[in-house]
**Q** 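Once you've had a glance at the structure underneath, I'll fire off some questions.
Position 1 is the first residue of the sequence, and the numbers go up from there. Just so you know, these numbers use all the heavy atoms, side chains as well, and skip hydrogens, waters and symmetry mates.
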Amino acid sequence: MRMEEREMEMQEQSLEEAFAQLDEMLAKLADREVPLEESFAVYAEGTKLLQYCSEKLDRVEKKMLVLNEEGKLDEF
């Protein structure tokens, strides 16, 4: 799969799907049978996926803020 396709796939997946994919990546990285070059590729892809998860969580967190009666933001 090309890098652009993977990035588009990341934009469409839920956090649960992304976390499941990260679990699979961790298992692959722990497998001593996986070649070093493939491990580096999995690691690089995993860091991008972690960044995606972090950004998505930040967006959700910002949506959890609500305006109070004085027009100030409060945590939900």
**Q** Nearest 0.5 Å, what's the CE-CG distance between Met25 and Leu50?
**A** 8.5 Å

**Q** When rounded to the nearest 0.5 angstrom, what distance separates CG in Leu26 from CG in Asp31?
**A** 12.5 Å

**Q** Please name the pair of heavy atoms, one in Cys53 and one in Leu22, separated by the smallest distance, quoted to 0.1 Å.
**A**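 Looking at all heavy atoms of both residues, the shortest contact is SG-CD1, 4.2 Å.
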
**Q** Just distance, no hydrogens or angles: give the donor-acceptor pairs under 3.5 Å from side chains in residues 32-44, sequence neighbours left out.
**A**
unit_1	atom_1	unit_2	atom_2	d
Glu38	OE2	Lys28	NZ	3.1
Ser39	OG	Pro35	O	3.3

**Q** With no hydrogens and no angle check, do the side chains of Lys48 and Tyr52 hold a donor and an acceptor under 3.5 Å apart?
**A**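 No, no side-chain donor-acceptor contact under 3.5 Å.
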
**Q** Could you grab the distance from atom CG of Leu49 to atom CD of Gln21, nearest 0.5 Å is fine?
**A**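 If I round to the nearest 0.5 Å, the distance is 5.0 Å.
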
**Q** By side chain to side chain contact (heavy atoms under 4.5 Å, CB included), which residues pair with Glu17, not counting sequence neighbours?
**A** Gln13, Ser14

